[in-house]
There are 2 protein chains.
Amino acid sequence: MKIGQLSEATGVSIRSLRYYEQQGLIASIRQANGYRTYSPLTVETVEAIKLYLNLGLTTEQIAGFLTCVIQNKEAFCAEVMPVYERKLAEIERQIVQLNQIRTNLVDRMTALTAEQNRTICEECGANDDPKRSQS
Amino acid sequence: MKIGQLSEATGVSIRSLRYYEQQGLIASIRQANGYRTYSPLTVETVEAIKLYLNLGLTTEQIAGFLTCVIQNKEAFCAEVMPVYERKLAEIERQIVQLNQIRTNLVDRMTALTAEQNRTICEECGANDDPKRSQS
DNA sequence: ATAAAGGCTGACATCAGTGTCAGGGTCAAG
DNA sequence: CTTGACCCTGACACTGATGTCAGCCTTTAT
């Protein structure tokens, strides 16, 4: 299986596959002409890599347990859980921070809108609209 | 006011002040020796920049309305609200995505723990512990 | 005069995965 | 033999604010 086929089979770009290899995530053997050849099993490995990348793990973290996970069940690999735990803590920190920014942003937008309405009221202060007080 | 004093007064590094100037956020006049000189009012400008950066805005976005905001009230500057709106949408997208990752992560951790417990049970399957069924 | 403190520019590094391009082999079909 | 599809390596770009360093100039105090 050549790199183009692996790319086709996994939906991962050739560029990324070469990068994964460079990071020690996947292995290839070279043909005489220098072309990479992959075992069909590599497809599963790449799928696993996609999964872990989607969890926000780095290639370095993935490299730390991928071999074990591929050979055994994930639960057998003691390295996995600590990585998950650290990632979860990081994600939660980020969520808190984003929520804080979100709150600040909403507050400012509210204040801004209020201030604009006040300015408009000043401009149309001449014509007193009785309908305003009915609602 | 020289750059070291402005840095001292605002808590912003000299490096960052020079960067802000390069991005068109603050202005300085040069003395004959090439040293930057700042108006005392620049302190307020830098404080505003800090505030907007803390909202997650980029220097480019800030540059789009900072002059107006400094000269008038924020509510007077039509450029501000659209930037806030876009930023809010972006933040909320990020929060959703992080929550999705968080959920996936928690799910995997739960499954992992369950699987590990199952494995432990198999290992100690020989000694049948009657206390297990009491709880 | 000299040393210390502060200012100046320019440039590289950071995080990390991916796109993209240049320049060059390889192979199969016409 | 040529064309097109596929592969190779190496390298730069990107996102964006900041740290840091080198190399040099200015001012002030000793």
Side-chain angles (χ1 to χ4, degrees), chain A residues 1-38 42 45-64 66 83 86-87 90-91 93-94 97-98 101, chain B residues 1-38 42 45-64 66 83 86-87 90-91 93-94 97-98 101:
Chain A
M1 176 171 234
K2 282 185 292 185
I3 199 168
Q5 295 169 302
L6 183 58
S7 170
E8 194 73 17
T10 59
V12 171
S13 74
I14 292 178
R15 173 68 178 90
S16 294
L17 291 174
R18 289 202 267 247
Y19 179 68
Y20 297 164
E21 177 171 334
Q22 196 186 344
Q23 301 307 112
L25 298 183
I26 58 179
S28 69
I29 57 177
R30 298 303 181 103
Q31 289 174 327
N33 56 17
Y35 287 16
R36 290 172 176 83
T37 308
Y38 299 96
T42 311
T45 306
V46 173
E47 293 296 340
I49 293 170
K50 285 169 63 176
L51 187 151
Y52 291 126
L53 284 178
N54 280 336
L55 287 177
L57 303 187
T58 68
T59 54
E60 190 184 356
Q61 290 174 315
I62 299 170
L66 187 61
V83 173
R86 259 177 282 131
K87 188 65 196 179
E90 182 190 336
I91 294 275
R93 235 188 321 107
Q94 291 175 341
Q97 200 186 350
L98 282 183
I101 293 179
Chain B
M1 174 170 236
K2 281 186 291 185
I3 198 167
Q5 296 169 302
L6 182 58
S7 171
E8 194 72 18
T10 59
V12 171
S13 75
I14 292 178
R15 173 69 178 88
S16 293
L17 291 175
R18 289 201 268 247
Y19 179 69
Y20 297 164
E21 177 170 335
Q22 196 187 343
Q23 300 308 111
L25 297 182
I26 57 179
S28 69
I29 57 178
R30 297 304 181 102
Q31 290 174 326
N33 56 18
Y35 285 18
R36 290 172 176 81
T37 308
Y38 298 97
T42 311
T45 306
V46 173
E47 293 297 338
I49 293 170
K50 285 169 64 176
L51 187 152
Y52 291 125
L53 284 178
N54 280 336
L55 287 176
L57 303 187
T58 68
T59 54
E60 189 183 358
Q61 291 173 315
I62 299 171
L66 186 62
V83 173
R86 259 177 281 131
K87 188 66 196 179
E90 183 190 335
I91 294 274
R93 234 187 322 107
Q94 291 175 342
Q97 199 184 350
L98 284 182
I101 292 178

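Just so we're on the same page: letters track the sequence lines, and every chain starts at 1.
First and last contacting nucleotides of DNA chain D toward chain A (any atom under 4.0 angstrom from a heavy atom, 5' to 3' order): D:dC6 to D:dA11.
Rounded to whole Å, atom P of C:dC8 lies 13 Å from atom CD1 of B:Ile29.
For the residue pair B:Thr42 / B:Thr45, no side-chain donor-acceptor distance below 3.5 Å is found, with atom types taken as modelled.
In this structure, B:Arg36 reaches the sugar-phosphate backbone alone: every heavy-atom distance under 4.0 Å involves primed, P, OP1 or OP2 atoms, never a base.
Each end of the helix from C:dA1-D:dT30 to C:dG30-D:dC1 yields a helix axis from five base pairs, and these two axes differ in direction by 40° (to the nearest 10 degrees).
Map A:Tyr35 and A:Tyr19 each onto its nearest nucleotide of DNA chain C; the residue landing nearer the 5' end is A:Tyr19.
Evaluation of the side-chain hydrogen bond (donor to acceptor under 3.5 Å, both in side chains) rule for B:Tyr52 yields B:Glu74 as partners, not counting sequence neighbours. With sequence neighbours excluded, no residue forms a salt bridge (charged side-chain N to carboxylate O under 4.0 Å, His left out) with B:Glu60.
Near DNA chain D, meaning a heavy atom under 4.0 Å away, the residues from residues 1-17 of chain A are A:Lys2, A:Ile3, A:Gly4, A:Ile14, A:Arg15. If you check residues 52-60 of chain B against DNA chain D, the residues with a heavy atom closer than 4.0 Å are B:Thr58, B:Thr59, listed by number.
Salt bridge absent: A:Glu90 and A:Arg93 never bring a charged side-chain N and a carboxylate O closer than 4.0 Å. By the 4.0 Å N-to-carboxylate-O rule, B:Arg18 lies too far from B:Glu21 to be salt-bridged with it.
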